[in-house]
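To keep things clear, I will list the structure first and then write my remarks on it.
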Amino acid sequence: DCIRLIFIKFKIDIKSRSKLTKPEYEASKTTDLSTRLQQWLTDREKTIVSVGRYTEQKNQKLLLDGFKLFHDKHPSYRLVFYGTDYGLKDKLISYAKQLDIHKYTVFHDAVTNIHEEIRNSSVFVLPSNYEGMPNALAEAVALGIPCIATNCPTGGCAKILDGGKRGILITCDNINETLNALKLLI
């Protein structure tokens, strides 16, 4: 029911869903994370993606810190952000340069066809300090992308990820859990 609502509410083009390969389609019907990972990660781009406004709430800095440690051991991956700038984008770009990961990190503005942009990503990460019911996470789950999200007190991420059955829930602002979750999903 939740997935059906996402297709209706966010106008995800059903025709683009029909372009899925048979293994992708079969994986999208399962709620078992390990099965989804085995089937999906073999054909995915080596991209970690995050979607959300460039604000302190979304905590992209945590993801940059985690990606720095992750990228040291997995240099073929890149980190891609999509979002509307609320005054933090330039600071995040500078921070990526400071961490020396700017060559592997991309900061895009918000796009209207986000599902097309992220559908082949390896992992979706929502490192927010707090959330309600995050649309970006719901869309990533609908696309079958393995997800990592913070287990915010309001419970929206936990609800979308079915208590951790459809993705990995991590503690807010915890770099070690972020890094371990990334390692687990590749």
Side-chain angles (χ1 to χ4, degrees), residues 1-31 33 35-55 57-60 63-64 67 70-71 74 76-86 88-89 92-93 96 101-128 131-150 156-157 159-162 166-168 181-182 185-186:
D1 289 342
C2 182
I3 302 302
R4 205 171 332 128
L5 287 173
I6 291 165
F7 281 106
I8 293 167
K9 183 171 181 175
F10 302 109
K11 300 176 186 167
I12 295 174
D13 183 3
I14 300 300
K15 291 178 184 174
S16 71
R17 286 291 288 173
S18 66
K19 294 177 187 174
L20 296 175
T21 64
K22 184 158 178 71
E24 287 176 328
Y25 175 73
E26 292 301 320
S28 70
K29 296 190 304 184
T30 183
T31 58
L33 182 60
T35 302
R36 184 182 297 164
L37 287 173
Q38 290 171 353
Q39 292 175 336
W40 283 76
L41 289 181
T42 55
D43 296 328
R44 297 256 176 207
E45 296 172 1
K46 291 188 175 190
T47 302
I48 297 164
V49 67
S50 185
V51 178
R53 298 178 313 275
Y54 296 110
T55 64
Q57 173 199 351
K58 300 301 182 182
N59 202 7
Q60 289 102 341
L63 185 51
L64 288 169
F67 182 72
F70 174 84
H71 193 265
H74 306 281
S76 59
Y77 279 80
R78 63 191 187 111
L79 177 60
V80 180
F81 292 96
Y82 291 91
T84 302
D85 187 12
Y86 280 69
L88 196 61
K89 184 176 176 182
L92 291 168
I93 292 169
I101 56 171
H102 59 283
K103 294 177 185 173
Y104 318 103
T105 309
V106 182
F107 295 86
H108 291 290
D109 290 332
V111 296
T112 57
N113 64 334
I114 192 64
H115 59 283
E116 286 297 321
E117 298 293 330
I118 70 171
R119 70 182 291 264
N120 290 320
S121 299
S122 295
V123 179
F124 177 92
V125 183
L126 189 68
S128 300
E131 281 291 345
M133 189 64 75
N135 294 340
L137 180 61
E139 290 173 329
V141 169
L143 291 169
I145 302 169
C147 295
I148 300 167
T150 48
C157 295
K159 179 81 171 162
I160 291 170
L161 295 181
D162 196 15
R166 292 180 183 243
I168 298 175
L182 286 171
L185 290 181
I186 61 143

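One is the number of the first residue; the rest follow in order along the sequence. Only this structure's heavy atoms are used, side chains among them; waters, hydrogens and symmetry mates stay out.
For the pair Ser128 and Pro134, the minimum side-chain heavy-atom distance is 4.5 Å or more. Annotation: side chain of Tyr82 is in contact with side chain of Val111 (closest heavy-atom distance under 4.5 Å). Two residues are said to be in side-chain contact when any heavy atoms from C-beta on lie closer than 4.5 Å; Val123 and Ile148 meet this criterion. Between Ile168 and Leu185, the closest side-chain pair of non-hydrogen atoms falls below 4.5 Å. Two residues are said to be in side-chain contact when any heavy atoms from C-beta on lie closer than 4.5 Å; Thr105 and Arg78 fail this criterion. Using a 4.5 Å heavy-atom threshold, the side chains of Asn120 and Ile145 count as separate.
The nearest pair of heavy atoms linking Ala96 to Leu64 is CB-CD2, 4.2 Å. Smallest separation of non-hydrogen atoms from Ile114 and Glu139: CG2-OE1, 3.7 Å. Scanning both residues, Asn59 and Pro127, for their nearest heavy atoms gives CB-O, 3.0 Å.
In this structure, the separation between CZ on Phe81 and CG on Leu92 is 6.5 Å, given to the nearest 0.5 Å. A distance of 9.0 Å separates OG1 in Thr47 from CG in Leu79, rounded to the nearest 0.5 Å. Between Ile48 atom CD1 and Ser122 atom OG the span is 7.5 Å, to the nearest 0.5 Å. The distance from atom CD1 of Ile101 to atom NE2 of His71, rounded to the nearest 0.5 Å, is 8.0 Å. Rounded to the nearest 0.5 angstrom, Ile93 CD1 and Gln60 CD are separated by 11.0 Å.
Remark: Lys159 engages no residue in a side chain to side chain donor-acceptor pair (under 3.5 Å) (not counting sequence neighbours). In this view, His74 and Phe70 satisfy the ring pair (Phe, Tyr, Trp, His ring centres under 6.0 Å) rule, not counting sequence neighbours. Not counting sequence neighbours, Tyr54 has no partner by the ring pair (Phe, Tyr, Trp, His ring centres under 6.0 Å) test. Not a single side chain to side chain donor-acceptor pair (under 3.5 Å) links Asp85 to another residue, sequence neighbours left out. Partners of Ser76 under the side chain to side chain donor-acceptor pair (under 3.5 Å) rule, at least two apart in sequence or in another chain, are Lys46. For Phe124, the ring pair (Phe, Tyr, Trp, His ring centres under 6.0 Å) criterion is met by no residue, not counting sequence neighbours.
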Step-by-step side-chain contact (heavy atoms from CB on, under 4.5 Å) determination, Leu161 to Cys147: CA-CA 8 Å; Leu161 295 181; Cys147 295; 4.0 Å; yes
Residue pair His108, Glu117: steps toward the side-chain contact (heavy atoms from CB on, under 4.5 Å) verdict: CA-CA 11 Å; His108 291 290; Glu117 298 293 330; 5.8 Å; no
Steps toward side-chain contact (heavy atoms from CB on, under 4.5 Å) verdict (Val80, Ile118): CA-CA 9 Å; Val80 180; Ile118 70 171; over 6 Å; no
Derivation of the side-chain contact (heavy atoms from CB on, under 4.5 Å) call for Arg166 and Ile160: CA-CA 8 Å; Arg166 292 180 183 243; Ile160 291 170; over 6 Å; no
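Cation-pi contact between Arg53 and Tyr86: present, with separation from the ring centre below 6.0 Å and deviation from the ring axis of at most 45°.
For the pair Thr84 (side chain) and Ala110 (backbone), a donor-acceptor distance under 3.5 Å is absent.
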